[in-house]
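The structure appears below as structure tokens.
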Amino acid sequence: MSKGVRVESICRLYGKPGTWDSFLAFEAKMRVQRKKEAELINVKLLLQLNIYLDLIATLSVGGFVVLYLFTEILKEL
């Protein structure tokens, strides 16, 4: 006997009329809510990743510019 069948049996045998239908509605509502939360987390993680990549690219280019300027200064000595 699977878990879903046991919950359904308990709701139908011991709960008020309509308990099983209320449970199914609640379950569907929570499934939708969890999906929305997961999508929001994915969007936040993607934004963080883009910010980190932009920061890394900026620091890399800046480091090369500083290195080039340093070598130009050393050439003049």
Side-chain angles (χ1 to χ4, degrees):
M1 190 184 267
S2 70
K3 183 178 179 181
V5 174
R6 285 185 283 167
V7 173
E8 182 180 4
S9 296
I10 290 169
C11 285
R12 292 192 187 275
L13 286 173
Y14 302 111
K16 297 178 198 175
T19 302
W20 178 245
D21 295 327
S22 298
F23 175 73
L24 289 179
F26 170 75
E27 193 175 32
K29 178 182 169 186
M30 293 308 294
R31 190 178 305 119
V32 168
Q33 182 179 346
R34 283 191 300 267
K35 185 177 178 183
K36 286 180 184 178
E37 289 172 355
E39 288 173 357
L40 183 61
I41 289 171
N42 286 340
V43 168
K44 286 181 180 180
L45 288 176
L46 187 59
L47 180 61
Q48 267 186 341
L49 178 64
N50 285 335
I51 289 172
Y52 290 146
L53 290 176
D54 290 345
L55 182 63
I56 290 169
T58 303
L59 290 175
S60 297
V61 170
F64 284 123
V65 168
V66 168
L67 186 62
Y68 173 76
L69 293 175
F70 183 68
T71 55
E72 289 298 318
I73 290 171
L74 287 179
K75 282 183 187 177
E76 294 175 3
L77 296 178

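If you take OG1 on T58 and CG on L53, they are separated by 10.5 Å, rounding to the nearest 0.5 Å. Atoms CG and CG, from N50 and L55 in turn, are 12.5 Å apart once rounded to the nearest 0.5 Å. How far CZ of R12 is from CG of D21: 6.5 Å, rounded to the nearest 0.5 Å. Rounding to the nearest 0.5 Å gives a distance of 7.5 Å between CG of L45 and CD1 of I41.
Checking each of K35, E37, R31 against Q33 for a side chain to side chain donor-acceptor pair (under 3.5 Å) leaves exactly one that passes, namely E37.
For E76, the salt bridge (charged side-chain N to carboxylate O under 4.0 Å, His left out) criterion is met by no residue, not counting sequence neighbours. Every residue two or more places apart in sequence or in another chain that forms a salt bridge (charged side-chain N to carboxylate O under 4.0 Å, His left out) with K75 is listed here: E72.
Residues I10 and L13 are members of one and the same hydrophobic cluster, defined by side-chain heavy-atom contacts under 4.5 angstrom among Ile, Leu, Val, Met, Phe, Trp and Tyr.
A 4.5 Å side-chain heavy-atom check between L77 and L74 finds at least one atom pair inside the cut-off. Taking 4.5 Å as the limit, every side-chain heavy atom of L46 sits out of range of all side-chain heavy atoms of N42.
The ring pair (Phe, Tyr, Trp, His ring centres under 6.0 Å) pairs that include a residue from residues 21-69 are W20-F23, where partners are two or more places apart or lie in different chains.
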